[in-house]
Amino acid sequence: MNIQKFLTKKIKKICTKYNIPKSFDPIIRKNIKKNEIDYQVNGIIKLKNKIPSSSYQLAVNIANDLIKSNVYEKISVPQQGFINITLQSDWLCKYINKMYNKKNFNIFTKNPQTIIIDYSSPNIAKDMHVGHLRSTILGDVTARLMEFLGHTVIRQNHIGDWGIQFGIVITQLQQMSHISLEKIEKIYKQANLRYQTDPRFVKKTETNVVNLQKKNKDCLKIWNLLVKHTIQKNNLIYKKLNISLTNQDIRGESFYNFMLSEIITDLKKKKIAVNHKGSIIVYLNQFKNRLGKKMGVVIQKKDGAFLYVTTDIACIKYRCNVLKANRIIYYIDNRQKQHIQQVWEIAKLAQYIPNNILLEHHTFGMILGKNNKPFKTRHGKTIKLIDLLNKGINKAKKIIIKKHPNMNNYEINSIAQNIGIGAIKYFDLSKNRISNYVFNWDQMLSLNGNTAPYIQYAYTRIHSVINNADLSFNTKIYSIKIFSKFERQLILTILQFEEIVFYLEKYGTPHLMCKYLYDLAGQFSKFYENCSIIFAKEKHIKVSRIKLSILTAKIIKKGLYLLGIKTVKKM
Ligand code: ARG
């Protein structure tokens, strides 16, 4: 039950009786203060100038209307435009039992869509670095969440496998007698240096880009080796990071090559693109260049080479026409904001995408070091993602060995993997994605506070409660009921899961899921400390409380699953 949505609907319906515009959205939040109020309605005061009576009177009228149904225990109107709501315990129990008994906690979308999620998308011939962490894990959370809600999710790893960087590497490799892919990073760096300093190298590179795009055999051979090698390496990272991307999700830039010439011709025909001194350019009204004139976006260079933007135009066309996307969410660096907006604009002008398509760029901030500058190694170098992950796992290992000196290696490694990776992911996801954050090992591995280890530990504790329960009788006849204010609070929090999930569906804000899980774990602790669970004397109380514990554990597990984090049985 999404209580927030339920109340919004009810109040909006009542509002129509008082001629309040349909666009009015009351602000409805679960109350976090300890008093007896479950939900608070706010925002009615904003209607002050639009209604004949006072906003206080309107709030009173709404409250009087609401109370007629048997959902509410108590409703009060303490101030202008404020309504305090206490829900009936029986009503809460009805929905908590539904949540306990039904598949997926009875949570699903009523409007299933085809949603494409463009995430991770590293470039070939380069190791994934710390900068890829956010685009990879944020995108993965959205993919998992949309799937959980019943949408058709198409993951797309738009790897950079087609641009100038290939020309550069291919040119360098052509000049070497022996190709060693192990050293590809080094080769790439050397090649880049030559590209910046040697005009002959630049010429050859440009020819190679065109040749590759024309599917020249020699170029393709080197290209294939490079792509395979990088994908293999990246897959190790995805596996370690528990990312749900597979090779089937790879649709790199190269995939759209077959569409590019046709798109250029079509854009010229539609008079969207023009030939300017041999280059094909689209001039866009909305974007101005430094001189304040319409910005020109080059979609084909003089030598015939296509660009990153051309591929993305083809890509969005393909996603709409062939994959039938209703919504596309891009997890790409903020610095590519203008790039993607230009792609969307050109695709709209050319009518490659339907009018009602939802296009979103979910931006994210940077990861900073302790000095508040971009996170680098001590020597100022880019941090490789694999090194960062291994460091996290090793740190977790040390903590576990200290706690369990006699644990066997296999168990240590498996737990350390889940704790170390969980800590890194959760720390990132618990920050609002649009802000930068400072990377801090001690904080993320701490057992206190809003961290993965804290939540994972809470899960193991609930598990041991459940495992120690003696339930050698028919438990089916007993349902979850409310016997104290502690379980009432816990039930309210569990019911809030649906609200959080739908908020994430709309806005892609995993930090709210983290905050929620932290709150839920805290509510469970209070319940555990104040109520007898397995030692409850009466059977019906015992079963109700154990079922509530099971449901809490399931929600924590699912919440962590949606964040791409595994639980552990022992810590
Ligand atoms: N490969 C690009 C990069 O590393 C990101 C691609 C993002 N997706 C897209 N459709 N352009 O910067």
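Every number for a ligand or one of its atoms is a count from 1 in the order of the listing.
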**Study point:** ligand 1 contact by Tyr308, heavy-atom criterion under 4.0 angstrom
**Key:**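 A heavy atom of Tyr308 does come that close to ligand 1.
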Exercise for review: Compute whether any side-chain donor of one residue and acceptor of the other, for Thr171 and Asn208, lie under 3.5 angstrom apart.
Suggested key: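 Checked: Thr171/Asn208 side chains pair up, N/O donor to acceptor below 3.5 Å.
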Check your understanding: Considering Asn123, Val343, Ile332, which one's heavy-atom position lies nearest to atom 4 (O) of ligand 1?
Key ->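 Heavy atom nearest to atom 4 (O) of ligand 1 belongs to Asn123.
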Exercise for review: Consider every N or O of His132 and every N or O of ligand 1, then say whether any pair is closer than 3.5 Å.
Suggested key: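 The answer is no, given that His132 and ligand 1 share no N or O pair closer than 3.5 Å.
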Practice item. Say whether Arg319, considering both its backbone and side-chain N or O atoms, lies within less than 3.5 Å of an N or O atom on ligand 1. Key: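 In fact, backbone or side chain, Arg319 has no N or O that close.
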Review point. So which heavy atom in the protein is nearest atom 8 (N) of ligand 1, and how far is it from that ligand atom?
Key: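 Answer, as residue, atom name and distance: Asp118 OD1, 3.1 Å.
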Exercise for review: If the plane angle is over 60° it's perpendicular, under 30° parallel, otherwise tilted; pick one for Trp344 and Tyr330.
Suggested key: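 Rings of Trp344 and Tyr330: tilted, 30 to 60°.
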Check your understanding: From Thr311 OG1 over to Ile316 CD1, what is the distance, rounded to the nearest 0.5 angstrom?
Key ->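 So the gap between those two atoms works out to 13.0 Å.
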**Study point:** Glu262, CD atom: more than 12 neighbouring heavy atoms under 6.0 Å
**Key:**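 At most 12 heavy atoms, drawn from other residues, nucleotides or ligands, come within 6.0 Å of this atom.
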Check your understanding: Taking NZ, NE, NH1 and NH2 as the nitrogens, is one of them in Arg144 or Asp140 under 4.0 Å from a carboxylate oxygen of the other?
Key ->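 A salt bridge links Arg144 with Asp140.
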Review point. What part of Asp333, side chain, backbone, both or neither, has a heavy atom within less than 4.0 angstrom of ligand 1?
Key: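 Asp333 to ligand 1: no contact under 4.0 Å from either part.
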Check your understanding: Under the 3.5 angstrom rule, does the side chain of His362 hit a backbone N or O of Tyr331 as a donor-acceptor pair?
Key ->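 Side chain of His362 to backbone of Tyr331: no pair is present.
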Review point. Relative to the heavy atoms of Gln336, which atoms of ligand 1 are at a distance of less than 4.0 Å?
Key: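 Going through ligand 1 atom by atom, the ones under 4.0 Å from Gln336 are 3 (C), 12 (O).
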